[in-house]
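Structure, as structure tokens:
In this text the structure is predicted, and so the values were computed from the model without any measurement. Because only heavy atoms are used, hydrogens play no part in the values below, and waters and symmetry mates are left out as well, while side chains stay in.
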Amino acid sequence: MKIKRVKLDRMRNEGWFNFFTEFKTFVEATTPEVLDIEVLFFVFMNFYMQADEALEITHKSGFTALMVENDALRDNAWRAISETVHTAVRHYDPIKRAAAERLVTLTDHYGNVADKPYNEETAAISNFLQDV
């Protein structure tokens with residue numbers, strides 16, 4: 001059996017934590033005794049609980065509510081721009097239709113920006129505005 005290497009340093013916090021949660025679930029289902037890792041699993045669980053607590057503190061940041069609220073406004077603005085551009089490709093005025101067709105290429109290139117993580121969304125919108 002070959003074990004595939006997992007690059008934890010490339011994961012975001014939630015992905016990293018989810019990976020270790022699945023590992024914890026597996027060990028608990030199999031039992032540490034059967035796997036002969038009782039001591040190591042005890043040490044792992046201490047670190048796991050610390051990580052869980054740290055992530056919980058991060059999620060309860062004072063800026064979180066404001067960030068979520070502003071992100072929702074930004075998401076709606078992006079969706080409105082994208083939908084307007086896609087609708088304008090059927091405009092009766094050929095000049096507006098041609099302009100919309102050029103913009104559709106860009107909005108399609110960047111995809112559904114609103115579903116990206118905050119930092120990726122910011123970068124995508126900045127790049128979109130530079131390309132326009």
Side-chain angles (χ1 to χ4, degrees):
M1 179 171 151
K2 184 174 182 179
I3 297 174
K4 187 174 182 178
R5 182 182 163 109
V6 176
K7 296 182 180 181
L8 295 173
D9 59 330
R10 294 184 183 252
M11 292 183 181
R12 293 188 178 91
N13 287 342
E14 285 77 11
W16 173 88
F17 190 72
N18 187 56
F19 172 82
F20 284 111
T21 300
E22 289 178 15
F23 170 77
K24 176 179 139 325
T25 302
F26 166 77
V27 172
E28 288 172 340
T30 309
T31 74
E33 294 77 20
V34 169
L35 297 170
D36 195 26
I37 59 167
E38 299 96 340
V39 174
L40 290 173
F41 190 65
F42 177 77
V43 172
F44 166 81
M45 284 305 297
N46 284 328
F47 286 121
Y48 178 86
M49 289 186 290
Q50 289 175 21
D52 187 25
E53 186 177 322
L55 285 174
E56 202 54 42
I57 290 169
T58 301
H59 290 294
K60 292 181 181 177
S61 165
F63 294 106
T64 302
L66 181 61
M67 190 166 59
V68 168
E69 181 181 322
N70 286 326
D71 182 58
L73 293 172
R74 181 170 70 170
D75 291 348
N76 286 337
W78 173 261
R79 288 183 180 113
I81 290 168
S82 181
E83 289 172 14
T84 301
V85 167
H86 279 81
T87 300
V89 296
R90 292 181 296 283
H91 199 279
Y92 65 88
D93 183 343
I95 294 172
K96 291 181 181 178
R97 189 171 50 245
E101 287 169 357
R102 288 191 298 275
L103 288 173
V104 162
T105 303
L106 281 176
T107 57
D108 287 350
H109 169 73
Y110 286 100
N112 191 358
V113 169
D115 284 344
K116 295 180 185 289
Y118 297 138
N119 59 340
E120 290 179 26
E121 182 176 352
T122 299
I125 290 172
S126 296
N127 290 338
F128 172 79
L129 292 173
Q130 289 173 8
D131 290 345
V132 173

>> Applying side chain to side chain contact (heavy atoms under 4.5 Å, CB included) to R74 and V113, what does each step give before you reach the verdict?
In response: CA-CA 10 Å; R74 181 170 70 170; V113 169; over 6 Å; no
>> So that I know where these two stand, are F20 and F47 an aromatic pair - ring centroids less than 6.0 Å apart?
In response: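 No, ring centres 6.0 Å or more apart.
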> For the rings on Y110 and W78, is their centre-to-centre separation under 6.0 Å?
Replying inline: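 Centroid separation for Y110 and W78: 6.0 Å or greater.
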For the atom pair [atom1] ([X]) and [atom2] ([Y]), what is the distance rounded to the nearest 0.5 Å?
X: T84; Y: H91; atom1: OG1; atom2: NE2; result: 11.5 Å
X: F26; Y: L35; atom1: CZ; atom2: CG; result: 5.5 Å
X: T107; Y: N112; atom1: OG1; atom2: CG; result: 11.0 Å
X: F41; Y: E28; atom1: CZ; atom2: CD; result: 4.5 Å
X: L103; Y: K96; atom1: CG; atom2: NZ; result: 13.5 Å
X: R102; Y: L106; atom1: CZ; atom2: CG; result: 10.5 Å

>> Heavy-atom count check: over 12 atoms from other residues, nucleotides or ligands less than 6.0 Å from L73 CG?
In response: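 Correct, the count exceeds 12.
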>> According to a hydrophobic-cluster definition based on side-chain heavy atoms being under 4.5 Å apart (Ile, Leu, Val, Met, Phe, Trp, Tyr only), do V27 and V43 belong together?
In response: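 Shared cluster, no.
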> Are I125 and M67 in one and the same hydrophobic cluster, where Ile, Leu, Val, Met, Phe, Trp and Tyr link if side-chain heavy atoms are under 4.5 Å apart?
Replying inline: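 Cluster IDs for I125 and M67 differ.
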> Can you check ring-ring contact (aromatic ring centres under 6.0 Å, His included) on F23 and Y48, steps first, answer last?
Replying inline: CA-CA 11 Å; F23 170 77; Y48 178 86; 9.4 Å; no
> Please walk me through it: do N46 and Q50 pass side-chain hydrogen bond (donor to acceptor under 3.5 Å, both in side chains)?
Replying inline: CA-CA 6 Å; N46 284 328; Q50 289 175 21; over 6 Å; no
> For N70, which residues count as a side-chain hydrogen bond (donor to acceptor under 3.5 Å, both in side chains) partner, sequence neighbours excluded?
Replying inline: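 N70: no side-chain hydrogen bond (donor to acceptor under 3.5 Å, both in side chains) contacts found.
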> Passes side chain to side chain contact (heavy atoms under 4.5 Å, CB included), Y118 versus V68? Steps please.
Replying inline: CA-CA 9 Å; Y118 297 138; V68 168; 3.5 Å; yes
> What closest approach, in Å, do E101 and T105 show between heavy atoms, and which atom pair accounts for it?
Replying inline: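 For E101 and T105, the tightest heavy-atom pair comes out as O-OG1, 3.3 Å.
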> Can you name the nearest heavy-atom pair linking Y92 to R97, along with the distance?
Replying inline: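 For Y92 versus R97, the nearest heavy atoms are O-NH1, 3.6 Å.
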> Below 4.0 angstrom, N of the basic side chain to O of the carboxylate: do R79 and D115 qualify?
Replying inline: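 Looking at D115 together with R79, the answer is yes, because their closest N to O distance falls below 4.0 Å.
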